[in-house]
A.B. asks: 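First the structure, which I've put down as structure tokens, then a few questions once you've had a look.
Computation of the quantities below employed the complete heavy-atom set of this structure, encompassing side-chain atoms and omitting hydrogens, waters and symmetry-equivalent molecules.
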Amino acid sequence: MKYSAMLLLAAMGSLTVQAQAESDPLQERPDKQAPLPSFPKIPDQTYLTPRPLSAIPEGAFGDKVRLGYQLFVNTQQLRDKYVGNELNCTNCHMDAGRKANASPLWGAYFAYPAYRKKDNKVSSFEERIQGCFNYSMNGKAPASGSPELVALSAYAYWLGMGGLMDEANISGPVPEISDAELVKGAKRDDFPLPEALAKAMTVEQRANLPGRAYPEIPKPEQAYSPERGKEVYVAHCQTCHSVDGQGQAIAGVYALPPLWGPKSYNWGAGMHRVNTAAFFIHENMPFGKSMQLTNQQAWDVAAYINSHERPQDPRSKGDVKQAQEKYHNDGDYYGVEVDGKVLGTESYPIFPKKS
């Protein structure tokens, strides 16, 4: 793919995607929190291919990469320490963070440090992961420089750097870098790179790798509807996620994640937005046979899932209206009345203990 085209797609990705505002009151309010950058898929697009896990090297650096992989696919081993729900990172970042168009780790690593409107600051890669623990995992972020954040950063770096080296026909192992460099992310001029790779791609080109987000899908022909979405859910989703949205657990271990309620992501997570959830669902669900839903169905079922109560937004100070005005109003149901109740007023606890 031509680099100029990549940059054009990146610019398109900065646009906020909103559904039509014909009947849903939550769509009439201005956006106050930028969604994940998304852009339409390009036919016959090729994507970065990470090296196989068997290629992770021996030694101290390889041990960090392996630990990062283990934490990513089984984040529940951090339950009660940093995780407060029944999710794993790989529930939203498919194939252990390797799959293109499922917000892969290799795409995110080269896109940070970056300004995040949610935090109103330039965030490093480890700060982005800390946000995932606070919001998507409804937990508590590990401290900066902790072994967990170093390991997750090492895994993301190894996936991305190995894939880029292979694309550029650069042989050899992924260069080892310090923990302090790992947690910063790669979107910076001083990031250590093989010379040939530094010459082949600019910082911005590496930061906008195709497939790094959930692909944007067109606005629905009709304003999205939780009522229609329930029909889609019953037909396509409840077999895995249960009629009550609470997922499937075997011996207390969740094989399929809860989508709302006390054990799911909280009101601060990016997936609580209807557009983000619609993009993810359309591309990646139903699991194992994705891209089966129409655009309308994806928007509708995303609205249905996200019109249920879930854990509170950690940024809330106890006033739902104030939190709504400051942090929401961007295509989500927080502070909106659904079935006679204002969502957010009866939210579940933040970081509840399982034990």
A.B. asks: Near Lys354 NZ, under 6.0 Å, is it more than 12 heavy atoms from other residues, nucleotides or ligands?
C.D. replies: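 Yes - once you tally the heavy atoms of other residues, nucleotides and ligands closer than 6.0 Å, there are more than 12.
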A.B. asks: Find out whether the Lys NZ or Arg CZ of Arg310 is both under 6.0 angstrom from the six-membered ring centre of Trp260 and within 45° of the ring's axis.
C.D. replies: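 Relative to the ring axis of Trp260, which defines the angle, Arg310 lies outside at least one limit.
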A.B. asks: What pair of heavy atoms forms the shortest contact from Pro142 to Leu149, and how long is it?
C.D. replies: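 It is O-CD1, 3.6 Å.
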A.B. asks: What is the minimum heavy-atom distance between Lys263 and Asn85, and which atoms define it?
C.D. replies: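 In terms of heavy atoms, the two residues are closest at O-CB, 3.1 Å.
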A.B. asks: Do the side chain of Ser136 and the main chain of Tyr265 share a donor and acceptor less than 3.5 angstrom apart?
C.D. replies: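 No, the answer is negative, given that no donor and acceptor are paired below the 3.5 Å cut-off.
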A.B. asks: Apply side chain to side chain contact (heavy atoms under 4.5 Å, CB included) to His93 and Phe72, showing your working.
C.D. replies: CA-CA 9 Å; His93 309 272; Phe72 199 83; 3.5 Å; yes
A.B. asks: Can a donor-acceptor pair be found between the side chains of Glu227 and Ser225 at a distance below 3.5 Å?
C.D. replies: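 Note: Glu227 and Ser225 side chains meet the donor-acceptor criterion.
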A.B. asks: Going by atom types alone, do Gln222 and Trp299 pair a side-chain donor with an acceptor below 3.5 Å?
C.D. replies: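 No, no side-chain donor-acceptor pair sits under 3.5 Å.
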A.B. asks: Is a side-chain donor-acceptor pair under 3.5 Å present for Gln312 with Tyr334?
C.D. replies: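 Present: a donor and an acceptor within the cut-off.
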A.B. asks: Would you mind checking if Lys341 and Glu337 are paired as a salt bridge, meaning a charged N to carboxylate O distance below 4.0 Å?
C.D. replies: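 No, this pair does not count.
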A.B. asks: Check whether NZ of the Lys or CZ of the Arg Arg315 lies under 6.0 Å from the centre of the six-membered ring of Tyr327 and within 45 degrees of that ring's axis.
C.D. replies: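 The answer is yes; both the distance and angle limits are met.
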A.B. asks: Counting distance only, does the side-chain N/O of Ser316 pair as donor-acceptor with the main-chain N or O of Ala323 below 3.5 Å?
C.D. replies: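 No, the answer is negative, given that no donor and acceptor are paired below the 3.5 Å cut-off.
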A.B. asks: Return the SG to CD distance between Cys240 and Gln248, rounded to the nearest 0.5 Å.
C.D. replies: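 Rounded to the nearest 0.5 Å, the SG-CD separation comes to 7.5 Å.
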A.B. asks: Where the side chain of Gln297 meets the backbone of Thr294, is there a donor-acceptor pair that is under 3.5 Å apart?
C.D. replies: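 Pair found, side chain donor or acceptor close to backbone of Thr294.
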A.B. asks: If you measure only the distance, is there a donor-acceptor pair under 3.5 Å linking the side chains of Asp313 and His328?
C.D. replies: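 The answer is yes; a qualifying pair exists.
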A.B. asks: For Gln130 versus Ala143, what's the shortest heavy-atom pair and its separation?
C.D. replies: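 In terms of heavy atoms, the two residues are closest at NE2-C, 3.9 Å.
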A.B. asks: Restricting to non-hydrogen atoms, name the atom on Pro220 and the atom on Tyr224 that form the minimum distance, rounded to 0.1 Å.
C.D. replies: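 Heavy atoms only, the tightest pair is CG-N, 4.2 Å.
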A.B. asks: Between Lys184 and Glu127, does at least one N-O distance fall below 4.0 Å, as a salt bridge requires?
C.D. replies: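 Result for this pair is no, no salt bridge flagged.
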A.B. asks: Taking atom CG of Leu293 and atom CD of Glu283, what is their separation to the nearest 0.5 Å?
C.D. replies: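 It is 11.5 Å, given to the nearest 0.5 Å.
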A.B. asks: Test of understanding: with ring pair (Phe, Tyr, Trp, His ring centres under 6.0 Å), list the residues that count as partners of Phe125, not counting sequence neighbours.
C.D. replies: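 Applying ring pair (Phe, Tyr, Trp, His ring centres under 6.0 Å) to Phe125 gives Tyr109.
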A.B. asks: Any donor and acceptor pair, going by atom type alone, linking the side chain of Asn208 with main-chain N or O of Glu204 inside 3.5 Å?
C.D. replies: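 Yes; judged by distance alone, with no hydrogens or angles, the pair exists.
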A.B. asks: Can you tell me if Asn295 and Lys219 form a side-chain donor-acceptor pair at under 3.5 Å?
C.D. replies: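 Not at all, the side chains of Asn295 and Lys219 share no donor-acceptor pair under 3.5 Å.
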A.B. asks: Determine yes or no for a side-chain-to-main-chain donor-acceptor pair under 3.5 angstrom, with Glu86 supplying the side chain and Pro258 the backbone.
C.D. replies: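 No, Glu86 side chain to Pro258 backbone: no donor-acceptor pair under 3.5 Å.
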A.B. asks: Side-chain contact, heavy-atom cut-off 4.5 Å: Asn306 with Asp332?
C.D. replies: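 Contact flag for Asn306/Asp332 side chains = no.
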A.B. asks: Should side-chain heavy atoms under 4.5 Å link Ile, Leu, Val, Met, Phe, Trp and Tyr, which residues sit in the same cluster as Ile350?
C.D. replies: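 Phe351, all in the cluster of Ile350.
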A.B. asks: Check whether Asp80 reaches the backbone of Lys353 with its side chain - one donor and one acceptor, N or O, closer than 3.5 Å.
C.D. replies: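 A pair under 3.5 Å: no.
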A.B. asks: Applying side chain to side chain contact (heavy atoms under 4.5 Å, CB included), run through Tyr304 and Lys230 and close with a yes or a no.
C.D. replies: CA-CA 6 Å; Tyr304 174 68; Lys230 182 177 182 179; 3.5 Å; yes
A.B. asks: Should the pair Lys317-Asp319 be classified as a salt bridge under the 4.0 Å nitrogen-to-oxygen rule?
C.D. replies: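 No.
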A.B. asks: Measure across Glu58 and Arg66 and return the closest heavy-atom pair with its distance rounded to 0.1 Å.
C.D. replies: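 Result for this residue pair: CA-NH2, 3.9 Å.
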A.B. asks: Between Asp300 and Gln296, do the side chains contain a donor N or O and an acceptor N or O under 3.5 Å apart?
C.D. replies: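 A donor-acceptor contact under 3.5 Å links the two side chains.
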A.B. asks: Between the side chains of Lys81 and Glu148, is the shortest nitrogen-to-carboxylate-oxygen separation below 4.0 Å, so that they form an ion pair?
C.D. replies: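 The answer is yes: the pair qualifies as a salt bridge.
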A.B. asks: Would you indicate whether the side-chain heavy atoms of Ile305 and Ile281 approach each other to under 4.5 Å?
C.D. replies: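 Contact flag for Ile281/Ile305 side chains = yes.
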A.B. asks: Distance only, no hydrogens: is a donor on one side chain within 3.5 Å (strictly under) of an acceptor on the other, for Asn101 and Tyr47?
C.D. replies: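 Checked: Asn101/Tyr47 side chains pair up, N/O donor to acceptor below 3.5 Å.
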